[in-house]
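Here the structure is laid out as structure tokens; the discussion comes afterwards.
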There are 2 protein chains.
Amino acid sequence: MSLILCFNLIIKPMFSKACEYAIRAAIFIASESERGRRASLKDIAREIDSPEAFTAKTLQKLSRSGIIVSTKGAHGGFEVKQDMATKIKISEIVLAIDGDKVYTRCSLGLHDCSENHPCPFHSRFKPVRNGLKEIVENTSLRDLTSGLVSGDTFLKI
Amino acid sequence: MSLILCFNLIIKPMFSKACEYAIRAAIFIASESERGRRASLKDIAREIDSPEAFTAKTLQKLSRSGIIVSTKGAHGGFEVKQDMATKIKISEIVLAIDGDKVYTRCSLGLHDCSENHPCPFHSRFKPVRNGLKEIVENTSLRDLTSGLVSGDTFLKI
DNA sequence: AAAATTAGGGACATGAATGTCTTTATTTTA
DNA sequence: TAAAATAAAGACATTCATGTCCCTAATTTT
Ligand code: FES
Ligand code: FES
């Protein structure tokens, strides 16, 4: 009757692949922007180890959302405007990729998550969810970029 | 530049559909077992509002894992043995459905989540993950069944 | 013994997420 | 002006989770 961990399986698809690439790409782009360089799609895909064409799609969404700025042509690429890095929250990146359908998702798949009609897992799940909510809404792109620049965190492997 | 919530989108697929059905089904089966009744597949699918054939698959896995016991024939169905309800943790149900590949999943999709090679989100993500881990490993099937029996929680709609 | 009722299991179908390819548009460089 | 470099966009391909169908096995009821 060995139970043991398994937690990682539960939270396995926390972000979609598209979202993972978007966040990692945004962090890399922001770090390059700090050094005054634009990042090309090819650079990005190499540095975050992601499929190039698929990553391009997510970058287009970030661009349309105004989170990053794209420039065509030689020496073009993607950048994050300096004053934006601290303003952009991780929640905004997720919103840009997964769309703006704001609804309340129940952990056990009920139609809506609500206090009036809670599933059996609701009361235990809610505090964890709120904790995560706090984090994604209060962490800026700049917050995540700084560790990368200092070499303490990584974007691939 | 409206950001606002979006958190629910992030955690959208916390459990797979199969896992959601499995947990909800197990809760219902356990509640029926407390009353001395077996639950048939048809009953279960109706009570948790899930696709019957698909739910059958997940019940087979729970059965093979020894979490529930199945009986064929008239007045057969599924049951949870009384002393088991308090022993079974939610983590075991998830393990039974999603398999036993125990690995460490990084929130940003790096190959492994580790302290030595952390992604930029690691330090913020880890406490939330640990909180959730605590909960799924320490919540028993019985814990979730009691609210259903008392009418305080729900399994559908 | 026959019929009815239940779960088990394999094959197939569908849909969504992921990923690829090709062409077009824009800008810079030569 | 021509060529090269880059992103944008649409069509297509693949994979995987989800879901359905149909037949089989086991048990109980008649
Ligand atoms: S009702 Fe299920 S998590 Fe809130
Ligand atoms: S390395 Fe990314 S969450 Fe731990």
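Chain naming here is simple, since letters A, B, ... match the order of the sequence lines and numbering starts at 1 in each.
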Donor-acceptor pair between A:T145 and A:S31 side chains, under 3.5 angstrom
no
side-chain N/O B:Y21 vs D:dT18 OP1/OP2, d < 4.0 Å
no
Check the distance between D:dT18's P and B:D49's CG and give it to me in whole angstrom.
16 Å
Side-chain donor-acceptor pairs under 3.5 Å in residues 67-84 of chain A, sequence neighbours left out?
{"from": "A:T71", "atom 1": "OG1", "to": "A:R38", "atom 2": "NE", "distance (Å)": "3.3"}
{"from": "A:E79", "atom 1": "OE2", "to": "A:R38", "atom 2": "NE", "distance (Å)": "3.1"}
{"from": "A:Q82", "atom 1": "NE2", "to": "A:S33", "atom 2": "O", "distance (Å)": "3.2"}

Within the structure, does a side-chain N or O atom of B:S63 lie under 4.0 Å from either OP1 or OP2 of C:dG8?
yes
Calculate the interatomic distance between A:I97 atom CD1 and C:dG19 atom C1'; express it in whole Å.
15 Å
Which class fits the ring pair B:Y21 and B:F54: parallel under 30°, tilted 30 to 60°, perpendicular over 60°?
perpendicular
Regarding the side chain of A:K17, the nearest nucleotide among C:dG8, C:dG19, D:dT28 is C:dG19
Once you round it to whole Å, what is the distance between C1' of D:dA7 and CG of A:D43?
13 Å
Just compare D:dT29, D:dA26, C:dG9 and give me whichever is closest to any side-chain atom of B:H75.
D:dT29
Let's see if you can work this out: which of D:dT18, C:dT18, D:dA8 has an atom nearest to the side-chain heavy atoms of B:A18?
D:dT18
Just to be sure I understand the rule, does A:R38 reach a base, reach only the sugar-phosphate, or reach nothing, if contact means heavy atoms closer than 4.0 Å?
nothing
Where the side chain of B:L41 is defined as all heavy atoms beyond and including C-beta, which of C:dA7, C:dG19, D:dA8 is the nearest nucleotide?
C:dA7
Which comes earlier along DNA chain C counting from the 5' end, the contact point of B:S70 or that of B:A74, where each point is its nearest nucleotide?
B:A74
Taking atom P of C:dT6 as reference, at what distance in whole Å does atom CD1 of B:I29 sit?
15 Å
Which part of the nucleic acid, if any, lies within reach of B:K57 when heavy atoms closer than 4.0 Å are counted: base, sugar-phosphate only, or nothing?
base
Nucleotide of C:dA7, D:dT6, C:dG19 approaching A:S40 most closely (side-chain heavy atoms)
D:dT6
Gap between atoms CD and P, on B:E52 and D:dT20 respectively (whole Å)
10 Å
Is it true that B:E20 and B:K156 make a salt bridge, defined as a side-chain N closer than 4.0 Å to a carboxylate O?
no
Atom CD1 of A:I68 and atom C1' of D:dT6: how far apart are they, to the nearest Å?
14 Å
Rounded to the Å, how far apart are A:F15 CZ and C:dA17 C1'?
17 Å
Measure from NZ on A:K72 to P on D:dT6 and round the result to the nearest Å.
14 Å
Is there a path from A:I29 to A:F154 through hydrophobic residues (I, L, V, M, F, W, Y) whose side chains come within less than 4.5 Å of each other?
no
Kindly point out which of D:dT18, D:dA7, C:dG19 is positioned nearest to the side chain of B:S16?
D:dT18
Test side chain to side chain contact (heavy atoms under 4.5 Å, CB included) applied to B:S140 - qualifying residues, sequence neighbours left out
B:K89, B:R142, B:D143
Nearest to the side chain of A:Q60, heavy atoms from C-beta on, is which of D:dA25, D:dT20, D:dA8?
D:dA8
Given C:dT18, D:dA8, C:dA7, identify the nucleotide with an atom nearest to the side chain of A:F78.
D:dA8
